[in-house]
Amino acid sequence: MKIEEVQSTTKNIRIATHTHIKGLGLEPNGRPIRLAAGFVGQAAAREASGLIVDMIRQKKLAGKAVLLAGPPGTGKTALALAISQELGSKVPFCPMVGSEVYSSEVKKTEVTELSPEEGESVTGGYGKSISFVIIGLKTVKGTKQLKLDPTIYDALIKEKVAVGDVIYIESNSGAVKRVGRSDAFATEFDLEAEEYVPLPKGEVHKKKEIVQDVTLHDLDAANARPQGGQDILSLMGQMMKPRKTEITDKLRQEINKVVNRYVDEGVAELVPGVLFIDEVHMLDMECFSYLNRALESSVSPIVIFATNRGICTVRGTDMTSPHGIPVDLLDRLVIVRTETYGPAEMIQILAIRAQVEGLEIDEESLAYLGEIGQRASLRHAVQLLSPASVVAKMNGRDKICKVDLDEVNSLYLDAKSSARLLQEQQDRYIS
C-alpha cells in the first residue's frame, strides 16, 4: 500500500498587528473590564470610546470629530478598530493614513477608473436565433401568458424548466430560479426523487422590496462616468481620453441633493460611516480646511483622527499648533488620550500576541521581553516574538527561551538604539 504525504489544504490566515482586538471590552454599564476582547489597560480611553460608540449609534456626534492622541505604541489604532467592531458590519469603516493624501502619487482629488464592458455584436448569418419566449405562468389567483426577452430562454434551459415546474423570474435581472415540481404532478411516475411544492399563492406579478446598501462614493463614481454620443467624433474623443475621471465638487453637491431628497421622502436612510485617519499631522492646511467644511455637512461621516505628535508645525505653514492640527479644527474635536503601558500591562499584551500567533513562551522570557519593551518600545518587543520562535526551532525547541530573545535582540535594533548609533557615528553616514 502506497502512503504519500500531502500538503494540508487548510488555509493559513495572515495574522495582522491588531488581529487580537475583538472590541472595546466593556461591561453593560460601560465600565472597562481590565482584560477583555484582546484589550489590556487604557481604561479611561476605552470608557470614553464606549461613550463615542453610543453617541454614533444615537446619531448625536454630527458636526464633531474624535482625536485619539498619545505616545507611539499606546493603542490608538487598536481603539479605532475596536470602535468599528462595536459598531458592527452595517456601519462602514474606512481606515486611511494622512500620508496617503499628502503623497506625490495621490493628488488631493478623487478619481475613478472606468472599465468598459465589451459584448459580442449581432451579425447576420444562416443560423437561427430566438427572438422572444412566450411562457404561461399560473398561481392560485390566476394565469398569465408573458412574452419574455430571449436572454431569459438561456436561463430557462440552464434550470431545465419544463411544464409543471414552479419557478420565479426576476424581471430586473432576468434571473430564473426553479423551486421544484408542482404538487399537482405528485402522482406522476418518476424514477428520480423530485421535490414537490404547492402552487404559488397571490398574483403572477409581484413587487418585491429590495434594500440595497450603497456608499456616497459609489454614487459619485457611478455618475462620474462620461456619457458620450454615438457619432465618430464622440467615440474618438472617448478613446483618446484617460481612463480616470475626477469626481468634482459640483457632482458631489448634486448627489447630496438627491440623497437628501430621498431621505426626506423616507425612501432612503442615511447611515453615517466612520472615517479613520491615522497620522493626521501629515495633512496640510488645504486638507484641514476641507475637513473643517465637510464636518458641517449633513451627509458627513464620523471622523476619527489619531496622532502621536505634541506641539509641532502644521504641514505647509510656519504655524505651530498642538498635534499639528489648526486650532479652529482642534476646537471641534473630542480628544481621547492614551497612556503609556506599564510593565505588567506590557507583559499581558505580549502574552496575548504570543497566543494569537500560536507561539509558546515561558514566564521568564515574557518578563524579559517586557523589560525590552519598557526600554525600547512595545512594537519592538512584539516584533521580536516571530524571529525568536524561528531561532528556537532552529535550536530544536518548541518554546521560546531567554537565550533566543537575547540572540534576536542583538541582531535587530530598535528605533532609539538606531538613533543613538547614528548620533555617535555621524561622520560615517551621508547627511
Side-chain angles (χ1 to χ4, degrees), residues 13-22 25 32 34-46 68-82 97 278-279 306-310 337-426 428-429:
I13 300 169
R14 186 172 179 267
I15 299 166
T17 313
H18 300 102
T19 305
H20 61 287
I21 300 295
K22 307 298 179 189
R34 195 176 65 84
L35 173 58
F39 244 114
V40 178
Q42 304 296 351
R46 283 157 61 196
L68 304 175
T74 52
K76 296 181 292 296
T77 308
L79 273 173
L81 292 172
V97 183
D278 205 354
E279 296 179 9
T307 181
N308 54 23
R309 298 299 168 94
R337 189 162 298 283
T338 57
E339 303 293 337
T340 309
Y341 289 108
E345 291 172 339
M346 206 167 277
I347 289 168
Q348 283 182 320
I349 293 167
L350 291 166
I352 291 168
R353 287 302 305 174
Q355 188 181 358
V356 168
E357 294 184 29
L359 308 175
E360 291 184 36
I361 183 167
D362 56 38
E363 294 295 327
E364 185 191 359
S365 303
L366 262 180
Y368 179 62
L369 200 57
E371 288 173 20
I372 294 171
Q374 283 288 308
R375 191 171 61 249
S377 70
L378 175 61
R379 287 173 180 166
H380 179 67
V382 170
Q383 286 164 359
L384 292 179
L385 276 170
S386 294
S389 70
V390 174
V391 170
K393 284 177 183 174
M394 286 169 66
N395 293 330
R397 290 189 306 274
D398 291 330
K399 191 175 279 189
I400 298 169
C401 296
K402 189 179 175 182
V403 184
D404 307 318
L405 291 171
D406 270 328
E407 188 175 339
V408 293
N409 194 34
S410 64
L411 291 172
Y412 302 111
L413 290 176
D414 61 279
K416 291 176 184 175
S417 301
S418 181
R420 190 166 55 248
L421 194 69
L422 286 173
Q423 209 162 15
E424 291 169 1
Q425 302 177 0
Q426 282 183 2
R428 297 189 184 182
Y429 292 89

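Nothing here was measured: the structure is a model prediction, and the numbers come from that model. Count residues from 1 along the sequence. Because only heavy atoms are used, hydrogens play no part in the values below, and waters and symmetry mates are left out as well, while side chains stay in.
Contact detail for Gln423 and Gln426: the closest heavy-atom pair is O-CG, 3.4 Å. Taking every heavy atom of both residues into account, Ile361 and Ala354 meet most closely at CG2-CB, 4.0 Å.
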Can I get a per-line list of side-chain donor-acceptor pairs under 3.5 Å for residues 68-82, giving both atom names and the distance, sequence neighbours left out?
{"from": "Thr74", "atom 1": "OG1", "to": "Pro71", "atom 2": "O", "distance (Å)": "2.7"}
{"from": "Thr74", "atom 1": "OG1", "to": "Thr338", "atom 2": "OG1", "distance (Å)": "2.8"}
{"from": "Lys76", "atom 1": "NZ", "to": "Gly70", "atom 2": "O", "distance (Å)": "3.2"}
{"from": "Lys76", "atom 1": "NZ", "to": "Pro71", "atom 2": "O", "distance (Å)": "2.8"}
{"from": "Thr77", "atom 1": "OG1", "to": "Asp278", "atom 2": "OD2", "distance (Å)": "3.1"}

Show me the donor-acceptor pairs within less than 3.5 Å that the side chains of residues 376-389 make with the rest of the protein, sequence neighbours left out.
{"from": "Ser377", "atom 1": "OG", "to": "His380", "atom 2": "N", "distance (Å)": "3.2"}
{"from": "Ser386", "atom 1": "OG", "to": "Glu357", "atom 2": "OE1", "distance (Å)": "3.0"}
{"from": "Ser389", "atom 1": "OG", "to": "Ser386", "atom 2": "O", "distance (Å)": "2.6"}

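Taking the side-chain contact (heavy atoms from CB on, under 4.5 Å) definition, one finds that Gln348 meets it with Arg34, Leu35, Val40, sequence neighbours left out. Residues that satisfy the salt bridge (charged side-chain N to carboxylate O under 4.0 Å, His left out) test with Arg420, not counting sequence neighbours, are absent from this structure.
The salt bridge (charged side-chain N to carboxylate O under 4.0 Å, His left out) analysis of residues 383-401, with sequence neighbours excluded, yields the pairs Arg397-Asp404. Applying the side-chain hydrogen bond (donor to acceptor under 3.5 Å, both in side chains) rule to pairs touching residues 363-374 yields Asp362-Ser365, Tyr368-Asp406, sequence neighbours excluded.
A distance of 5.5 Å separates CD1 in Ile372 from CG in Leu405, rounded to the nearest 0.5 Å. Rounding to the nearest 0.5 Å places CG of Leu369 at 11.5 Å from CD1 of Ile349.
The shortest side-chain heavy-atom distance between Gln42 and Tyr341 falls under the 4.5 Å cut-off.
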